[in-house]
Amino acid sequence: MLLSVLLAAFFISILITVHEFGHLAVAKLTRIPVEAFSIGFGPVILKFKLAETEYRLSLVPLGGYIKMVGEEETAAAPAPSTPEVNIDGFSTKPLWVKVAVIGAGPLSNLILGFILLLTMYTAFGLKFLSPQIAIQDGTGAAAAGLKTGDLVVQAAGETIPSYERLEAILGQKSGQQIAMTVLRNGQLLTLDYPVPHDEPDIEPLQTAIIDRVRKGSPAARIGLRPGDRILSIANKKVESWQDFVATIGENGGVTLPISWEREGRLFTDSITPSLERDQMSEEKFGQVGVWVRLPKQSLALPRAVWEAARRTGYVVAQTYVILYKVVTRQISTRAIGGPIMVAKVAYEGANWGAEYFLALWALLSINLFVVNLLPVPVLDGGRILLDVIAGVRRRSLTRRELNLAAGIGWAMIGLLVAFTFFNDIIRLVRR
């Protein structure tokens, strides 16, 4: 539990420090004096001054803050009766500068997410699905002569390097008949396959070979290792990874006989899948803590940059989709988690290994980018909105208007924090 808390603090501290450093860097570039930049909150442990800025290391490592000159002087107020020295601070800057400074925080999180994904793809490569296929009886694919275990070599005249590419071609050829060349028992066969109008009746065949075992999981407790091939579960032969996952998912909390092969040797034991709850659907399912082994492709730097950028864009889009579905009640609000959930996810991420850890860290950083740009007062998106409103009106917002907006914003954040803590506690109780 202590490790979970420390990892969560580490996650949050790094993400928010990067966020605040984005504000700092653009404030410096646009010549806005910065009074203080702190890593952490609370009592100051260490500090030093460079130019006009005091840099601080504070006791509580949950984020940080930046204090710019003139940041609070944004409300319209009567002219002072005595002349004052005009300090060129945040409030005196044009709108585009204010937006740039405020937007630099979330943008830094987006850039960090991209860098983490780039590091992951460069270090570990890109996983892909083999174009080996699984066929169900009674489908058009079965009638065309395709069989489970066939390796698709060509489809519609194009060489097939992965199942993802095959899926894309089938989507383009919906409702058409195409030539498909497969490798079966060492022989090449060309068959005419009628592509369905709706969803393809072909699935990827994933061999039931383990790639990763999570520390402390049911799989780890019985000695399963990377490279093991699952032969049977619950006295049923395992033809594919999908068979294994389906049986495990249906038997959470039930002790099942299992057999596997390792370097030509047969092992047997029994395993009890832990009972988990899906955060989106609220459905319970069994889990043993293993990943499937997929082929990997080493990426040159230009391709790794492209894949990292593509994945970053996908995560941004999916985060907005999930937020929309939560608001419209298409997804349960139980899916929203707080610090306890972050701690749990961070702990599990560390147990899965470096690749999963980098992917998780990137996801959280990109999510922070999206959340901070929401038009909620006190968040960066809300601050940008208020500055834009003031720019359109050609006058600063009054102190009353700013206080009202801040009150609404803090009330929304407070309710969200309370709600996420409630969800976290419910998850712990209901497990």
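Throughout, numbering of the chain's residues begins at 1 and tracks the sequence. All heavy atoms count here, side chains included; hydrogens, waters and symmetry mates do not.
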Test item: [X] and [Y] side chains (from C-beta on) under 4.5 Å apart, heavy atoms:
| X | Y | result |
| --- | --- | --- |
| L224 | F267 | no |
| I169 | V195 | no |
| L205 | I133 | no |
| F244 | I258 | yes |
| V69 | E52 | no |
| Y65 | R56 | yes |
| S58 | V44 | yes |
| W260 | I210 | no |

Subject >> Result of checking P273, S270, P218 against L256 for side-chain contact (heavy atoms from CB on, under 4.5 Å) >> reply: P273

Subject >> Residues which pass side chain to side chain contact (heavy atoms under 4.5 Å, CB included) with A27, listed by chain and number, not counting sequence neighbours >> reply: I32, V34, M68, V101

Subject >> side chain to side chain contact (heavy atoms under 4.5 Å, CB included) against L50, all qualifying residues, sequence neighbours excluded >> reply: F48, Y55

Nearest 0.5 Å please: distance from the [atom1] atom of [X] over to the [atom2] atom of [Y].
| X | Y | atom1 | atom2 | answer |
| --- | --- | --- | --- | --- |
| Q136 | T148 | CD | OG1 | 7.0 Å |
| Q132 | I160 | CD | CD1 | 14.5 Å |
| I384 | I102 | CD1 | CD1 | 5.5 Å |
| D243 | S232 | CG | OG | 12.0 Å |
| H19 | L112 | NE2 | CG | 12.5 Å |
| S174 | Q172 | OG | CD | 11.0 Å |

Subject >> Counterpart residues, ring-ring contact (aromatic ring centres under 6.0 Å, His included), relative to F128 (two or more places apart) >> reply: none

Subject >> Test ring-ring contact (aromatic ring centres under 6.0 Å, His included) applied to Y324 - qualifying residues, sequence neighbours left out >> reply: none

Can you name the nearest heavy-atom pair linking [X] to [Y], along with the distance?
| X | Y | value |
| --- | --- | --- |
| A219 | G289 | CB-O, 4.3 Å |
| P131 | P161 | CD-O, 4.0 Å |
| G22 | S108 | CA-OG, 3.0 Å |
| A234 | T247 | CB-CG2, 3.9 Å |
| G216 | A220 | N-CB, 3.9 Å |
| G391 | L95 | CA-CD2, 4.5 Å |

Once side chain to side chain donor-acceptor pair (under 3.5 Å) is applied, do any residues pair with [X], and if so which ones, sequence neighbours excluded?
| X | result |
| --- | --- |
| K47 | none |
| Q318 | none |
| E239 | none |

**OP:** Could you check S240 against Q206 for side-chain contact (heavy atoms from CB on, under 4.5 Å), going step by step and ending with a plain yes or no?
**Re:** CA-CA 5 Å; S240 67; Q206 297 172 258; 5.6 Å; no

Please report, to 0.1 Å, the donor-acceptor pairs under 3.5 Å made by any side chain of residues 113-126, with sequence neighbours excluded.
unit_1: T119; atom_1: OG1; unit_2: I115; atom_2: O; d: 2.8
unit_1: T122; atom_1: OG1; unit_2: L118; atom_2: O; d: 2.7

Original post:
Are S259 and T268 close enough that a side-chain donor and a side-chain acceptor fall under 3.5 Å?
Top reply: no

**OP:** Report the C-alpha distance between L110 and L107 in whole Å, list the side-chain angles of each, state the deciding distance to 0.1 Å, and finish with yes or no for side-chain contact (heavy atoms from CB on, under 4.5 Å).
**Re:** CA-CA 5 Å; L110 183 67; L107 184 60; 4.1 Å; yes

Subject >> Flag if over 12 foreign heavy atoms under 6.0 Å of OH, Y320 >> reply: yes

Subject >> Side chain T207, main chain W241, donor-acceptor under 3.5 Å >> reply: no

Original post:
Is there a donor-acceptor pair under 3.5 Å between the side chain of R229 and the backbone N or O of A208?
Top reply: no

Original post:
In terms of ring plane angle, is the pair F21 and F37 parallel, tilted or perpendicular, where the classes change at 30° and 60°?
Top reply: perpendicular

Give every donor-acceptor pair under 3.5 Å between a side-chain atom in residues 365-377 and any protein atom, sequence neighbours left out.
unit_1: S365; atom_1: OG; unit_2: N109; atom_2: O; d: 2.6
unit_1: N367; atom_1: OD1; unit_2: T319; atom_2: OG1; d: 2.8
unit_1: N367; atom_1: ND2; unit_2: L363; atom_2: O; d: 3.4
unit_1: N372; atom_1: ND2; unit_2: L368; atom_2: O; d: 3.2

Under 3.5 Å, which donor-acceptor pairs link side chains of residues 150-158 to any protein atom two or more places apart or in another chain?
unit_1: D150; atom_1: OD1; unit_2: R184; atom_2: NE; d: 2.8
unit_1: D150; atom_1: OD2; unit_2: K147; atom_2: N; d: 2.8
unit_1: D150; atom_1: OD2; unit_2: R184; atom_2: NH2; d: 2.8
unit_1: E158; atom_1: OE1; unit_2: R165; atom_2: NH2; d: 3.3
unit_1: E158; atom_1: OE2; unit_2: R165; atom_2: NE; d: 2.7
unit_1: E158; atom_1: OE2; unit_2: R165; atom_2: NH2; d: 3.2

List the atom pairs, donor and acceptor, that lie under 3.5 Å between side-chain atoms in residues 291-306 and the rest of the protein, sequence neighbours left out.
unit_1: K296; atom_1: NZ; unit_2: E355; atom_2: OE1; d: 3.2
unit_1: R303; atom_1: NE; unit_2: E307; atom_2: OE2; d: 2.9
unit_1: R303; atom_1: NH2; unit_2: E307; atom_2: OE2; d: 3.0

Subject >> Results of salt bridge (charged side-chain N to carboxylate O under 4.0 Å, His left out) for R262 - residues two or more places apart only >> reply: D228

Original post:
For T53, which of K28, E35, K67 qualifies under side chain to side chain donor-acceptor pair (under 3.5 Å)?
Top reply: K28

Original post:
Are E164 and K127 close enough for a salt bridge, meaning some N to O gap below 4.0 Å?
Top reply: no

